[in-house]
Protein chains: 2
Amino acid sequence: MPVKKAVQGSMVTSREPRPPRVLNEAHEDCAIRRVLDRLGDKWSYLLILKLAKGPQRFGELRRAVDDISQRMLTETLRSLQRDGLVARTVYPTTPPSVEYRLTALGQSLLEPMQGLVAWADRQLPAIVSARATFDQAKCG
Amino acid sequence: MPVKKAVQGSMVTSREPRPPRVLNEAHEDCAIRRVLDRLGDKWSYLLILKLAKGPQRFGELRRAVDDISQRMLTETLRSLQRDGLVARTVYPTTPPSVEYRLTALGQSLLEPMQGLVAWADRQLPAIVSARATFDQAKCG
DNA sequence: CAGCATCCTCGTGGATACTG
DNA sequence: CAGTATCCACGAGGATGCTG
């Protein structure tokens, strides 16, 4: 395991301080990549699944997920809203109450998503087992 | 393993060096999260889609994706292999030749994945449009 | 209650050099 | 060709404090 030198010895290479990195963005026009960049983050997929159960308030979602930080909940919900997958409704009560629900577009994502969820549920044992075999072969 | 302290500036804040973070791992038993942690990375999904076309050699995959670094190609392929989604075959020629192909388990993932790809292709315009509207409302 | 602002840590992954 | 090994930039996201 790479314990991270930390030191960078006294003598050290003649290495230059590395020029800024230039991104290759050629893939930006690939639909699946753009969608995965969105759904592949830590919380989006999960929040959509929670919202599939029906509209929910901010605090409800927070409790439903329970290990999401409030900052990420806010941020993820907003980006889902931006993409038109989630709608946000403010009720001007005191204290304020905000409800989130899936839009039609968001709903339309449920079907393909549930296909993946079903696959995950079915195949997880096989994956875990494959993993064990692989690790055994390595270390045994 | 996080040895890393390294600098931590000379003068700097009166703030304490923040106690170590303890992970909430309560979600570890959720199949979809475990599967997404795997497929949600930058390359797995894409490599599986490439391998769906048939077995391919290391270099072929490298060129097929073309903006993946060789390090990440190696690493991603190995973790897919570990999970039993991809099989690796070495042909002891000179120079060596290594072929990767989807296992049956990997194949079984294609169907749910393609559902998602299809959705992405269909709905990307709607998402882009929603995004524009949202941004307009913000800045306009 | 439903956020916003700030700061800081750490994991992901790119760049590069080297090997069998 | 198909990797391994190292170094390091950067952005995701947790912790915390404050607000309407």
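So you know, we letter chains A, B, ... as the sequences are listed, proteins then strands, and number each from 1.
Residues from residues 86-95 of chain B that place a heavy atom under 4.0 Å from any atom of DNA chain D, listed by number: Arg88(B), Pro95(B). Within residues 68-84 of chain A, the residues approaching DNA chain C are Gln70(A), Arg71(A), Thr74(A), Arg78(A), by heavy-atom distance under 4.0 Å. For the segment residues 43-61 of chain B, the set of residues with a heavy atom within less than 4.0 Å of an atom of DNA chain D comprises Arg57(B), Phe58(B), Gly59(B), in numerical order.
Across every non-hydrogen atom of Phe58(B) and Leu73(B), the tightest pair is O-CD2, 3.6 Å. The minimum heavy-atom distance linking Thr103(A) with Gly84(A) is given by the pair OG1-O, 2.6 Å. Shortest non-hydrogen contact noted between Arg34(B) and Val128(A) is NH2-CG2, 4.3 Å.
Between Tyr100(B) and dG3(D), a side-chain N or O to OP1/OP2 separation shorter than 4.0 Å is present.
With sequence neighbours excluded, the residues satisfying salt bridge (charged side-chain N to carboxylate O under 4.0 Å, His left out) with Arg131(B) are Asp83(A). Among residues two or more places apart in sequence or in another chain, the side-chain contact (heavy atoms from CB on, under 4.5 Å) test is passed with Leu46(A) by Trp43(A), Val65(A), Arg33(B). The salt bridge (charged side-chain N to carboxylate O under 4.0 Å, His left out) check on Glu99(A) picks up nothing, with sequence neighbours excluded. Scored by the side chain to side chain donor-acceptor pair (under 3.5 Å) test, Tyr100(B) finds Arg88(B) as partners (sequence neighbours excluded). Asp41(A) meets the side chain to side chain donor-acceptor pair (under 3.5 Å) test with Ser44(A); sequence neighbours excluded. The side chain to side chain donor-acceptor pair (under 3.5 Å) search around Ser79(B) returns Arg38(B), not counting sequence neighbours.
Of the possible donor and acceptor atoms, none in the side chain of Ser129(A) sits under 3.5 Å from a partner among the backbone N and O of Pro125(A).
Along DNA chain C, the nucleotide nearest Arg63(A) and the nucleotide nearest Asp41(B) are compared for position; the residue whose nucleotide lies closer to the 5' end is Arg63(A).
The distance between atom CG of Asp66(A) and atom P of dG14(D), rounded to the nearest whole Å, is 12 Å. Distance CD (Glu99(B)) to P (dC1(D)): 16 Å, rounded to an integer number of Å.
Contacts classified as side chain to side chain donor-acceptor pair (under 3.5 Å) and involving residues 52-64 of chain B (residues at least two apart or in different chains) are given here: Arg57(B)-Ser97(B). Here side chain to side chain donor-acceptor pair (under 3.5 Å) pairs that include residues 106-128 of chain A, with residues two or more places apart or in two chains, are Ser108(A)-Trp119(B), Trp119(A)-Ser108(B).
Comparing the local axis fitted to the first five base pairs of the helix from dC1(C)-dG20(D) to dG20(C)-dC1(D) with the one fitted to its last five gives a bend of 50°, rounded to 10°.
Contact check for Arg101(B) versus Leu51(B): no side-chain heavy atoms found under the 4.5 Å cut-off.
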